[in-house]
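Written out below as structure tokens is the structure these notes cover.
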Amino acid sequence: MRPSETIPARPAPPSSGGLRAWVRRELFGSWVSALTTLALLGWALWALPGALDWLLWRAVWQADADACQAARGVGACWGVITEKHRLILLGRYPLEEQWRPVLATGLLLALVIASGVRLFWTRWLVLAWVLVWVVVFTLMGGGVLGLAEVPTERWGGLPLTLMLTTLSIVLACPLAVLLALGRRSRMPAIRTLCAGFIELVRGVPLISVLFMASFLFPLFLPVGATPDVLVRVLLGIALFAAAYLAETVRAGLQSVPQGQLEAANSIGLGWWQTQRLVVLPQALGAVVPGLMNSFISIFKDSSLITIVSLYELTGSLGLALSGDPEWRPFMVEGYLFITAIYFVVCAAMSRYSLWVEQRHARGLAR
Amino acid sequence: MVRFEQLNKWFGRDFHVLRDIDLDIARGERLVVCGPSGSGKSTLIRCINALEPFQEGRLTVNGVALAVEGREDLRAVQQVRRSVGMVFQQFNLFPHLSVLDNLTLAPRNVAKVPRAAAEAQALAQLERVHIADQAHKFPQQLSGGQQQRVAIARALCLAPQILLFDEPTSALDPEMVHEVLDVMVELAGQGITMVCVTHEMEFARSVADRVVFMDQGQIIEQAAPEAFFSNPQSERAQQFLDKLLGVRR
């Protein structure tokens with residue numbers, strides 16, 4: 001056989017067809033898919049006008065309970081939001097002081113968003129975290145600098161949800177890493193302790209943890225020495241989250257090949273250095289989706305603290321509407337409103353997680 | 001430099017992987033360890049930097065005694081690892097760090113060298129393995145041969161007195177074997193003590209001061225490379241060489 005000549009590289013052919021070809025291939029590729037497409041299209045055409053009617057065209061926007069009553073069944077009553085948004089968003093926080101939770105929420109959101117940006121990943125960020133939290137608690141609690149004191153049971157709504165979520169995640173993460181490392185430790189006492197804690201906490205519903213934190217725990221302490229209910233609940237959520245996160249982190253630790261540990265040992269790194277510099281960066285990067293999954297859970301589960309009379313976003317919706325016979329019928333609109341808030345936050349979290357994942361994958365990609 | 005005295009090691013209860021090992025390695029010596037797979041040669045050199053514990057006998061590395069399993073002294077282990085560098089079959093570079101950061105990790109965190117000095121030194125080591133132009137890439141962006149050379153540079157960064165190679169070319173595509181061997185040959189000329197587990201007989205012949213042949217956890221024979229290759233004393237070494245060279249021809 002003659003040696004063949006070098007074939008010059010050429011670009012791939014353009015992908016076939018435009019929109020029309022795509023539609024034919026993806027939507028009408030077979031009888032089943034054509035029928036499904038038509039059925040879904042029909043359903044959308046049938047349902048959409050009614051939904052839009054109810055949601056927008058015939059909805060009542062002003063805070064007029066009578067108009068809302070009149071429109072019941074045909075149009076949504078967004079007036080309930082116009083009327084009650086302060087109660088829903090801020091709970092029972094005193095009306096004349098409400099600039100404080102609003103400012104605190106803004107600061108907190110800015111802090112969290114800034115923490116997600118690579119540009120800010122410096123030592124200053126740690127300082128910013130400490131500072132912002134001091135300011136947030138001062139703003140919310142008052143009692144100093146001429147701010148009227150507001151007890152924690154009057155805190156509520158979105159600020160409370162955000163505070164609880166961020167703080168419990170921040171507390172839970174280091175604990176989760178320690179638990180995961182401990183569960184893989186060579187020392188039997190530490191291993192048993194960590195595994196025991198994780199299994200115990202995972203075997204208990206969050207509600208009962210909250211009940212214990214709020215009602216049972218004070219019974220074991222001398223009167224007057226009990227920390228604030230918010231602190232107890234916060235620690236409860238943080239410990240609960242830590243147990244779940246620890247298992248995710250452990251999965252990440254297991255994904256790091258033994259050779260990495262050997263290489264770290266061979267260049268003289270100690271145990272803690274090996275974990276911090278070699279194992280954890282790889283382990284945590286590998287389980288970003290799982291971690292974000294847990295974060296989103298924590299965010300939504302924070303609504304359970306209503307049962308111990310702390311009115312975060314979901315709780316304060318109930319508070320705002322169920323006590324008021326005039327507006328009580330429009331719970332659905334209220335729920336749609338907070339659903340939108342939860343959805344925006346959760347969607348932002350998962351988009352961010354995707355970004356981190358891709359960045360991590362780029363670093364490790366061939 | 002390294003002295004094994006009646007060293008024994010088991011994996012679990014039943015697998016006697018190293019049996020009555022007696023071995024002296026002199027300062028500056030270049031030793032090649034070979035033998036069929038499963039003969040314990042990798043385990044042997046992994047003992048030298050305490051990656052593997054052993055159950056009986058004595059092992060002294062650069063004047064520091066390593067204790068048997070269960071009585072390890074962390075400080076002794078760290079001291080030994082500071083003077084021993086290791087190159088692995090699978091490179092084991094840190095994938096989340098750039099080449100430069102791979103190299104400066106130990107100097108900065110173990111030897112507490114300031115960043116600028118550590119980077120300058122790392123670049124010098126990369127120069128030594130002819131790969132300084134790749135300093136800012138990530139390991140996965142490099143070919144296997146390049147990765148292994150980075151791994152050699154990383155092992156050199158703490159200025160070790162002993163360098164261990166655990167089948168450094170076995171995971172490489174054939175056309176990359178030579179770029180790694182060339183670097184090893186250059187290092188061999190620079191007075192560093194080298195212990196290599198390898199099947200590269202060419203390399204052994206041209207560089208090694210002594211070849212150690214192992215089988216079933218024992219050192220069967222040791223000799224100068226010329227003598228070993230042309231006139232192996234034991235039947236097992238004879239068979240091993242026949243197979244190895246038969247395949248290579």
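Proteins get letters first, then strands, A, B, ... in listed order; numbering begins at 1 in each. Source: prediction; values computed, not measured.
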Output the distance between atom CD (B/Q90) and atom CD (A/Q260), rounded to the nearest 0.5 Å.
->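 Interatomic distance, B/Q90 CD to A/Q260 CD, rounded to 0.5 Å: 11.5 Å.
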Mind checking what makes salt bridge (Lys or Arg N to Asp or Glu O under 4.0 Å) contact with B/R30, not counting sequence neighbours?
->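 Checked B/R30 against salt bridge (Lys or Arg N to Asp or Glu O under 4.0 Å); matches are B/D209.
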Considering residues at least two apart in sequence or located in another chain, which fulfil the salt bridge (Lys or Arg N to Asp or Glu O under 4.0 Å) criterion with B/E69?
->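 Expected list: none.
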Is it the case that atom [atom1] in [X] sees more than 12 heavy atoms from other parts of the structure closer than 6.0 Å?
X      : atom1 : answer
B/R58  : CZ    : no
A/R351 : CZ    : no
B/H178 : NE2   : no
A/R184 : CZ    : yes

Under 4.5 Å from any heavy atom of chain A - which part of [X]:
X      : value
B/L74  : neither
B/F88  : side chain
B/N109 : both

Chain B contacts: which residues in residues 261-281 of chain A have a non-hydrogen atom closer than 4.5 Å to it?
->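 Listed by number, the contacting residues are A/E262, A/A263, A/A264, A/N265, A/S266, A/I267, A/G268, A/L269, A/G270, A/Q273, A/R276, A/L277, A/V278, A/P281.
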Options B/L97, B/L158, B/L164, B/V110, ranked by heavy-atom pairs under 4.5 Å with chain A, top entry =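 Option with the top pair count is B/V110.
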Between chain A and each of B/M86, B/R82, B/R46, B/Q79, count heavy-atom pairs under 4.5 Å; write down the option with the most.
->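 Top count of heavy-atom pairs under 4.5 Å with chain A: B/R46.
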Residue pairs involving residues 167-187 of chain B (criterion salt bridge (Lys or Arg N to Asp or Glu O under 4.0 Å); sequence neighbours excluded) =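 Salt bridge (Lys or Arg N to Asp or Glu O under 4.0 Å) check on residues 167-187 of chain B returns B/K41-B/E167, B/R149-B/E179.
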